[in-house]
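Below is one structure, written out as structure tokens; the observations come after it.
Just so you know, ligand 1 is whichever comes first in the structure, and atom 1 is the first atom listed for that ligand. The first residue in the sequence is number 1, and the count goes up from there.
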Amino acid sequence: MNVDNNRILKDKTFDKSRWMQMPRNVVVGHDALLQIPGIIDDLGVAGPILLLSGATTMQTVGARVAGLLEGRPVTTCLVGRITYDEIQRVEDAAKEAGSVLIIAVGGGRVIDTAKVVSYNLDIQFVSVPTAASHDGIASSRASVVTDAGNVSVAAQPPLAIVADTGVIATAPHRLLAAGCADIIANYTAILDWELSHRLTGEAISEYALTLSKITAEILVKNADLVSHNDETAAWIVVKALFSSGIAMSIAGSSRPASGGEHKFAHMLERLAPGVALHGEACGLGTIIGMYLHGGDWKGIRTSLRRIGAPTTPKDLGISNETCVEAVLRACEIRPERFTIFDTGITREAAVAVVEALYEV
Ligand SMILES: NC(=O)c1ccc[n+]([C@@H]2O[C@H](COP(=O)([O-])OP(=O)(O)OC[C@H]3O[C@@H](n4cnc5c(N)ncnc54)[C@H](O)[C@@H]3O)[C@@H](O)[C@H]2O)c1
Ligand SMILES: O=P(O)(O)OC[C@@H](O)CO
Ligand SMILES: [Zn+2]
């Protein structure tokens with residue numbers, strides 16, 4: 001059922017009420033894909049299925065899932081960028097097929113699209129991440145691209161998650177490293193949330209904040225293990241991505257995992273579309289955010305390097321000027337979310353932080 005998970009009952013003395021929606025079945029491990037038919041039966045959702053995937057992932061994992069669903073009514077649909085137009089197109093396809101369940105097989109964009117469509121149509125969906133590249137695999141939020149930049153919208157968390165570590169370990173290491181960077185971003189997301197709490201009085205959830213922080217700490221502790229592209233690394237990173245998603249579900253917003261470093265990343269995506277993976281841009285934003293907070297930015301950089309994630313604009317294939325621009329204009333993204341990037345950074349300061357990224 002769709003819910004406004006930040007609903008406040010104004011007429012009560014104790015006036016808070018929040019729905020925290022969580023996944024019901026989470027299956028992680030080798031050959032987890034084979035469990036999909038059993039999971040669908042266990043969920044008790046019978047009827048036409050919409051199999052959603054990306055152009056690349058449909059040819060590989062998507063095709064395997066289609067094979068596993070043989071004998072059931074399945075319609076396939078490919079998704080590209082996540083925009084409101086694209087969401088509408090997928091909604092129309094789901095309606096036309098009379099779908100009662102979406103199975104989303106792919107990266108973050110495919111899963112976010114499924115989340116919004118299933119929310120809007122009030123049908124369920126199963127999340128089948130093909131890469132450990134983002135922490136949206138379990139969250140109840142989706143990030144949609146609009147002309148005004150990325151917006152974070154309420155969405156439906158998956159009823160089930162099927163993360164096959166064998167599949168994830170065969171994805172390029174770049175994707176796994178990006179997922180790690182998306183988790184390391186939690187360090188500055190938390191600092192920004194606490195800063196906003198102190199300066200603007202924004203409410204904070206200690207549980208969400210603590211879960212987000214511990215998740216990043218455990219990941220960094222395992223940095224050497226996740227620098228490999230094997231199933232152990234996939235296992236560790238998927239658990240971190242899941243945990244971070246749950247922190248977002250507890251908070252009812254992406255706040256525990258998305259601060260100024262994400263605003264920077266979303267602006268960078270607008271200035272240089274498609275150049276960096278989401279997590280890669282967030283990792284760079286985390287080093288910058290930590291520098292601006294006066295924290296251990298070199299420690300963040302060391303962790304990202306150990307994992308194999310980019311740490312400079314050059315690594316990402318963007319110019320220093322574009323990076324400076326993204327630092328200065330990050331505040332245009334989601335202006336209501338106060339972060340260290342919203343404190344009036346001068347061009348001089350932005351140039352200085354970008355130059356510092358190259359310090360040995
Ligand atoms: N809702 C949330 O809480 C949340 C959290 C983090 C990120 N996001 C969103 O997710 C998106 C980023 O996710 P992403 O980095 O996965 O991007 P993506 O979905 O664009 O995938 C990146 C690339 O990886 C490829 N890929 C995926 N699996 C593969 C595999 N097994 N082998 C080879 N290639 C594979 C895809 O084809 C694509 O080209 C952004 O839109 C971001 O805003 C949302
Ligand atoms: O709200 P946004 O900024 O899309 O953040 C969600 C997710 O990317 C956090 O890792
Ligand atoms: Zn993210």
Looking only at distances, please establish whether an N/O atom of ligand 1 is found under 3.5 Å from an N/O atom of [X].
X      : result
Asp182 : no
Thr57  : no
Ser133 : yes
Asp112 : yes
Val167 : no

### Message
Given 3.5 Å as the limit, does a donor-acceptor pair link the side chain of Ser244 with the main chain of Ala240, or not?
### Response
no
### Query
Closest N/O/S atom of Asp182 to the Zn ion (ligand 3), by atom name?
OD1
### Message
Strictly below 4.0 Å, N to O, side chains only: are Glu202 and Arg255 in salt-bridge contact?
### Response
yes
### Query
Salt-bridged, Arg141 to Asp135, with N to O below 4.0 Å?
no
### Message
Tell me whether ligand 1 is touched by Gly279 - counting only heavy atoms on the residue side and a distance under 4.0 Å.
### Response
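Checking ligand 1 against Gly279, which is what was asked, there is no heavy-atom contact under 4.0 Å.
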### Winner among Ala185, Ser143, Ala142 once heavy atoms are compared against atom 4 (O) of ligand 2
Ser143
### Query
Is it the side chain (CB and beyond), the backbone, both or neither of Thr170 that lies under 4.0 Å from ligand 1, heavy atoms counted?
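It is neither; nothing of Thr170 touches ligand 1.
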### Part of His266 within contact of ligand 2 (heavy atoms, under 4.0 Å)
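Side chain only.
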### Task
Answer side chain, backbone, both or neither: which part of Arg334 comes under 4.0 Å from ligand 2, heavy atoms only.
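Side chain only; the backbone of Arg334 stays clear of ligand 2.
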### Test of proximity, His278 against ligand 2: N or O pairs below 3.5 Å
yes
### Message
Quick test: of every protein heavy atom, which one is nearest to atom 22 (C) of ligand 1, and how far off is it to 0.1 Å?
### Response
Leu277 CD2, 3.7 Å
### Query
Does the protein put a heavy atom less than 4.0 Å from atom 36 (C) of ligand 1?
no
